[in-house]
Amino acid sequence: MSIYGDYIKSVIRTVPDWPEQGVNFRDITPLLQNSAAFRKLIDSFVHRYQEMNLDAIAAIDARGFIIGAPLAYELGCSFVPVRKKGKLPFKTISETYKLEYGHSEVELHADAFQQDDRILLMDDLIATGGTMLAAANLIQRSGGQVVETATIIDLPELGGAQKIRDAGYSVFAVCS
Ligand code: PRP
Ligand code: ADE
């Protein structure tokens, strides 16, 4: 939990049964619409990562981009998008993964990182952990070093963060 975890949690909306029956969708749009809350969110990541000597922020399509880009700007790092299949124009490497509701595939440009670059990987939410784990594995395959994976929301009952830790990656969540 971060310095502003309880506050950030209080401005996230839960929409029951969306996009399908039985899913409690954690909607970050009220957080983004609240300029003070959005600033506190980015500040909580800055607070954690400003001394970590990162080379790049990698963020996952699409909601991960919303937090990854301002953090990269603030820390003076480069920004690398990890995208859904078919969106990146150059040579790519890819991994498939299972979602809470469906399957998907993430891609990375093959030249995105230099050997041993220190990378922070970001996404808005960890549910089953499949997306974050696939992206972390992609980064490792491309030669980058995943210093940590970071998210706004962890859903601990789905076991995703534990699965990512079991695979050897560190996980930071602003709130659960
Ligand atoms: C959501 C969310 C994470 C992922 C988490 O993305 O933004 O990327 O699911 O689920 P997991 O831990 O079970 O893998 P989604 O694919 O819905 O895409 P979006 O960001 O484009 O809305
Ligand atoms: N992505 C996967 N599961 C989700 C959930 N419960 N809320 C928001 N985004 C999600």
Side-chain angles (χ1 to χ4, degrees), residues 1-2 5-34 37-38 41-42 44-45 56-72 79-89 92-109 112 119-142 144 146 148-176:
M1 183 78 100
S2 85
D6 287 333
Y7 172 66
I8 297 297
K9 188 171 176 171
S10 76
V11 290
I12 292 166
R13 170 166 59 197
T14 297
V15 181
D17 298 323
W18 198 91
E20 59 185 45
Q21 196 74 22
V23 174
N24 280 323
F25 192 87
R26 312 297 173 171
D27 176 17
I28 60 168
T29 61
L31 158 58
L32 304 174
Q33 285 166 232
N34 178 333
F38 189 29
L41 174 69
I42 300 305
S44 68
F45 289 120
I57 308 296
I60 300 174
D61 190 352
R63 282 174 268 157
F65 296 169
I66 298 166
I67 51 176
L71 184 64
F79 176 82
V80 172
V82 178
R83 297 219 62 183
K84 301 275 169 55
K85 186 180 170 60
K87 298 289 185 180
L88 288 171
T92 57
I93 57 172
S94 70
E95 292 251 340
T96 54
Y97 64 98
K98 205 164 153 281
L99 278 178
E100 189 182 2
Y101 39 83
H103 282 83
S104 197
E105 187 168 344
V106 280
E107 289 186 334
L108 182 65
H109 271 153
I119 315 300
L120 173 68
L121 174 60
M122 304 191 82
D123 202 356
D124 69 316
L125 178 140
I126 296 173
T128 67
T131 310
M132 194 75 106
L133 189 53
N137 288 337
L138 261 185
I139 293 169
Q140 298 279 111
R141 277 172 54 201
S142 79
V146 179
E148 190 155 81
T149 65
T151 190
I152 308 171
I153 308 157
D154 174 37
L155 303 180
E157 68 278 14
L158 294 174
Q162 192 55 51
K163 182 163 91 178
I164 296 162
R165 290 191 178 102
D166 289 347
Y169 301 104
S170 176
V171 179
F172 170 71
V174 171
C175 61
S176 295

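Counting convention: from 1, in listed order, for ligands and their atoms alike.
Near T131, meaning under 4.0 Å from one of its heavy atoms, ligand 1 places the atoms 4 (C), 5 (C), 8 (O), 10 (O), 11 (P), 14 (O). Close approach to A127 involves these atoms of ligand 2, each under 4.0 Å from a residue heavy atom: 2 (C), 3 (N). Atoms of ligand 2 lying under 4.0 Å from at least one heavy atom of N24, given by number and element, are 5 (C), 6 (N), 7 (N). Each of the atoms 15 (P), 16 (O), 18 (O), 19 (P), 21 (O) of ligand 1 lies under 4.0 Å from some heavy atom of K84. Heavy-atom contacts of L125 reach the following atoms of ligand 2: 1 (N), 2 (C), 3 (N), 4 (C), 7 (N), 8 (C), 9 (N), 10 (C) (cutoff under 4.0 Å). Counting the atoms of ligand 2 from 1 in the order shown, those under 4.0 Å from a heavy atom of R63 are 8 (C), 9 (N). Remark: ligand 1 atoms within the under-4.0 Å shell around heavy atoms of G129 are 11 (P), 12 (O), 13 (O).
Between the side chains of E105 and T96, no donor N or O sits under 3.5 Å from an acceptor N or O. Side chain to side chain, N137 and Y169 meet the donor-acceptor criterion of an N or O pair below 3.5 Å. Side-chain N/O atoms of R13 and T29 include a donor and acceptor closer than 3.5 Å. Side chains of E148 and S170: a donor-acceptor N/O pair is present below 3.5 angstrom, by distance only.
Proximity of L155 to ligand 2, defined as any heavy-atom pair under 4.0 Å, is confined to the side chain (atoms from C-beta onward). When heavy-atom distances to ligand 1 are checked against a 4.0 Å cut-off, D61 comes that close only through its backbone atoms N, CA, C and O. If you look at T128 next to ligand 1, the close heavy atoms, those under 4.0 Å, come from the backbone and the side chain alike. At a heavy-atom distance under 4.0 Å, only side-chain atoms of D123, from C-beta outward, approach ligand 1.
The two atoms that bring I152 and L31 nearest to each other are CG2-CD2, 4.3 Å, heavy atoms only.
With contacts defined as side-chain heavy-atom distances shorter than 4.5 Å, the pair P81/H109 does not qualify. The closest side-chain heavy-atom distance from D124 to I66 is not below 4.5 Å. Contact annotation: the side chain of L108 approaches that of I139 to within less than 4.5 Å [non-hydrogen atoms, C-beta and beyond].
Residue I153 holds its CD1 atom at 10.0 Å from OG of S176, rounded to the nearest 0.5 Å. Note that the CG atom of L120 and the CG atom of L71 stand 6.5 Å from one another [nearest 0.5 Å].
Within the structure, ligand 1 lacks M132 among the residues with a heavy atom less than 4.0 angstrom away. In this structure, I28 does not count as a contact residue of ligand 2, since none of its heavy atoms falls inside 4.0 Å of the ligand.
Comparing heavy-atom distances from atom 22 (O) of ligand 1 across R63, M122, K163 singles out R63 as nearest.
Any N or O atom pair closer than 3.5 Å counts here, and A62 shares at least one such pair with ligand 1.
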